[in-house]
Amino acid sequence: MEGEPPAVVVPAGRPEYGDYQVNGIMGAAKRARTNPRELAANVVDELELGDVAESIEIAGPGFLNIRLKPAFLSAQITTTALIEKTTQPQRVVVDYSSPNLAKEMHVGHLRSTVIGDAVARTLELAGHTVIRQNHIGDWGTAFGRLLAFLDEVGDEAAQDAELRDIEALYVEASERFEKDPAFAERARQMVLALQAHEPSAIAKWEHFMALAQQHMSEIYARLDVSLRSEDIRGESAYNEAIGPMIADLQKQDDVLVESDGALCIFMPQFKNKDGEIQPMIVQKSDGGYLYHTTDLAALRYRRDMLHADRVLYFTDARQILHFDMLFAASRLAKITDVDVLLEHHPFGKILDKDGRPFKTRSGDNVLLRDLLDQAIERATTLIHDKNPELDSDQREVVARAVAIGAVKYADLSKNRLHDYTFDWDEMLAFDGNTAPYLQYAYARISSVFEKGNIDRTQCSEPPRLETEVERQLAVHLLRFQEVIEQVVADARPHYLCSFLYELTVRFMRFYEQCPILSEEPPIRDGRLTLCSRTAATLETGLKALGIRVLARM
RNA sequence: GCGCCUGUAGCUCAAUGGAUAGAGCAUUGGCCUUCUAAGCCAACGGUUGAAGGUUCGAAUCCUUCCAGGCGUGCCA
């Protein structure tokens, strides 16, 4: 338009402002030192939107309100693809979930797992190449304690445990470590043996890892999380790479500096509590490595071996400083160039209804195993009450999809940096911005096609869009592409949740007001096209969030 | 102390610097001989923590406060 200032065309804030509004005129007029309403009038004269817009009105200080032609909307609905793949696909590494396997998976792992998975799926939907990386904690002092303890209780007990009580094992091992000097010494020896790759110690470690990963896989399967065993690349995977990396860093002047016996990177923008530069410790004074070191090595691997264009990390907000330092150090030490996008996407804690950290009554972490059990139990009861006609097999399938969807959606729909409140009743409600509400809409649509004995994929009659509710539904359906692109750009799935919720509200209005199957062919078939497009959008959108749809519920 | 994050309706949450700050829950009142009422419609509800500033326009950007959370050299 005027060159520099963006046109800023956005969906209209209110129905009376039309379908889309142009906000850029006032800014442009300011630069050009002209009257905004006059400029707006000139713009309207220049625009050729004859086939697209029904009306363009100048409003307020210089807004343009655009109302689209029903024929244009209708043609878009019938001819455009649901999602157009990007023409500039990137290789995107998504680092998420990443539990420490010394402990059983608990509610603290939920947000990273669920949000990261949704973003990974959405990136794929948009046409990017996603490389999932499950950077599990599988190395370090905790494993010395655990393995020394398992040694003591014997292999049989270890087998029996099957990681069911991994939490209890770890707690017990830690207690022994505190109280029993002889045991503590054996634990330390175990760590050394592991670091030296002593075969017997490694064998024990591998055995334990197999069990722990089995447990992890079961949780992912129940949660419908797309992480596979081939996505695992834990801390231990970078062991061999750290030595050479440090050697390379030492070749660069002024990167690694020794301080109190530790090898550090000093970056002036990071200050500690005394106002001095806070070092990023790459190698401890005892020769050991820290998470900074492993993350640097992982970043190097992701650039050199995975050829990443973009790397996303999903962790809680406490690690903000860590990632700020990691990214800065990575650039300083030329591990990644500035053209590799490094993004940390932090999130807050999960709280209970009273605003306290979400824990069990006894104050322990809520295990994901128990959380999912409870979700399914609650959903089963609910569905039994709401729809007693479902047989028990159907009920099980529905309860599972509803329960898992509810838990995930509750988190995804309010992806924010601050803490969020975990509330069973709210997430399992069938009204409001919840998974069950969206799933119910999908089931209703499916039911229409089933009643009419119609193949959803064969609908091609352009909708008439003669009523306002149909128009509103159509306008919204056409925004799917742009919303997916927003999620891709910002890694924030709640944009997609809001879009799907608003879509569902508009569909429900349409469904209440407009009869479908009882109409004469042209109207009926056009409305079926709207239903078909809505169902496809809901299905694709929810799938991108990692949530299942149900033909019946 | 310093740094980062958060503060929006009674509650849970939205809002690319745009018009009169929106939803749901809760409360109150309507709508089922018709495609799933697990739904729809309506009413009620606000000094966006406070005060300044920038801007044609601020919940959003800047400054200073207030409140809460987190981090701050060998844990992750």
Side-chain angles (χ1 to χ4, degrees), chain A residues 6 8 10 12-14 16-17 21-24 26-27 29-30 36 59-63 65 98 100 137 140-142 235 259-264 269-286 288-292 294-295 315-322 324 346 348-349 353 355 382-383 385-387 389 402 410 413-414 416-421 423 425-427 429-434 436-437 439-441 443-452 486 489-490 494-495 497-498 501-502 505 508-509 511-518 527 531 552-553:
Chain A
V8 198
V10 298
R14 303 168 165 271
E16 55 270 34
Y17 299 157
Q21 62 182 61
V22 180
N23 298 332
M26 286 82 78
K30 188 75 179 172
F63 294 101
N65 293 338
S98 306
N100 188 322
T141 54
E235 291 171 348
S259 170
D260 293 340
L263 283 179
C264 306
Q269 66 268 46
F270 301 104
K271 301 277 202 306
N272 68 11
K273 56 189 169 191
D274 301 319
E276 298 157 345
I277 299 178
Q278 184 188 336
M280 172 169 159
I281 297 175
V282 175
Q283 186 165 25
K284 295 195 287 181
S285 51
D286 68 359
Y289 306 123
L290 298 168
Y291 67 139
H292 283 130
T294 312
D295 272 335
T315 81
D316 69 85
R318 285 176 303 186
Q319 297 194 35
I320 287 175
L321 179 61
H322 164 62
D324 282 349
K349 292 189 295 287
K353 275 200 206 175
L382 208 60
I383 286 153
D385 292 347
K386 302 279 189 189
N387 191 353
E389 288 167 22
V402 167
S413 62
K414 38 186 174 253
R416 295 180 41 155
L417 198 44
H418 83 339
D419 305 340
Y420 101 92
T421 309
D423 184 339
D425 295 330
E426 201 168 272
M427 70 179 70
F430 290 79
D431 33 29
N433 191 7
T434 66
Y437 178 71
Q439 288 169 320
Y440 175 56
R444 277 182 127 178
I445 302 173
S446 300
S447 180
V448 171
F449 286 105
E450 196 183 327
K451 277 262 160 46
Q486 280 175 3
D490 297 346
H494 86 274
Y495 292 154
C497 295
S498 296
Y501 172 62
E502 180 63 22
V505 168
M508 291 292 201
R509 280 180 198 145
Y511 182 90
E512 295 280 335
Q513 288 186 34
C514 301
I516 301 164
L517 295 173
S518 57
R527 287 183 176 167
C531 289
R552 196 175 294 173
M553 56 187 289

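Letters A, B, ... mirror the listed sequences (proteins, then strands); counts begin at 1.
B/U47 and B/A21 have their C1' atoms separated by 13 Å, given to the nearest Å. Comparing the same atom, C1', in B/U60 and in B/C2 gives a spacing of 26 Å after rounding to whole Å. Nucleotides B/A58 and B/A19, compared at atom P, are 10 Å apart to the nearest Å. To the nearest whole angstrom, the two P atoms, one in B/A23 and one in B/G45, are 14 Å apart. Here the separation of B/U48 from B/C31, taken at their C1' atoms, is 35 Å to the nearest Å. B/A26 and B/G18 have their P atoms separated by 32 Å, with the value rounded to a whole Å. With P as the reference atom, B/C41 and B/G46 are 23 Å apart, rounded to whole Å. Separation of the P atoms belonging to B/A42 and B/G22 is 15 Å when rounded to the nearest angstrom.
Of all heavy-atom pairs spanning A/N65 and A/Y17, the tightest one is CB-O, 3.0 Å. Nearest heavy-atom pair, A/Q278 versus A/K271, reported as atom, atom and distance to 0.1 Å: OE1-O, 3.7 Å. Smallest separation of non-hydrogen atoms from A/V282 and A/Y289: O-CD2, 3.8 Å. What you find for A/S518 and A/P515 is that their closest heavy atoms are OG-CB, 3.5 Å.
At B/A76, none of the side-chain N or O atoms of A/T315 fall inside 4.0 Å of OP1 or OP2 (strictly under the cut-off).
The aromatic ring of A/Y440 does not stack onto the base of B/G39, failing the criterion of a centre distance under 5.5 Å from the six-membered base ring together with planes under 30° apart. Put simply, A/Y437 does not rest on the base of B/A38: the two rings are not both less than 5.5 Å apart at their centres and under 30° in tilt.
Closest to the side chain of A/Y501, out of B/C40, B/A23, B/A15, is B/A23. Comparing atom distances between the A/R509 side chain and each of B/C40, B/G22, B/A19 picks out B/C40 as nearest.
Rounding to whole angstrom units, NE2 of residue A/H418 and P of B/G68 are separated by 17 Å. Rounding to whole angstrom units, CG of residue A/D316 and P of B/C75 are separated by 19 Å.
Both A/D324 and A/Y420 lie near RNA chain B, and the one whose nearest nucleotide falls closer to the 5' end is A/D324.
Between the side chain of A/N65 and the base of B/A19 there is at least one donor-acceptor pair of N/O atoms closer than 3.5 Å. A donor and an acceptor atom never sit less than 3.5 Å apart when one is taken from the side chain of A/T434 and the other from the base of B/G24.
Base orientation for B/C66: anti, the chi torsion being more than 90° from 0.
Looking at A/S259 and A/P279, their side chains never come closer than 4.5 Å, going by heavy atoms from C-beta outward. Residues A/D425 and A/K353 form a side-chain contact, since some pair of their non-hydrogen atoms from C-beta on lies under 4.5 Å apart.
Around the CD atom of A/E16, the shell of radius 6.0 Å holds more than 12 heavy atoms that belong to other residues, nucleotides or ligands.
Every ring pair (Phe, Tyr, Trp, His ring centres under 6.0 Å) that A/H292 has, sequence neighbours left out, goes to A/H322.
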Taking Watson-Crick and G-U wobble contacts under 3.5 angstrom, with | marking pairs to another strand and [ ] crossing pairs, the secondary structure of RNA chain B is written (((((((..((((....[...)))).(((((.......))))).....(((((..]....))))))))))))....
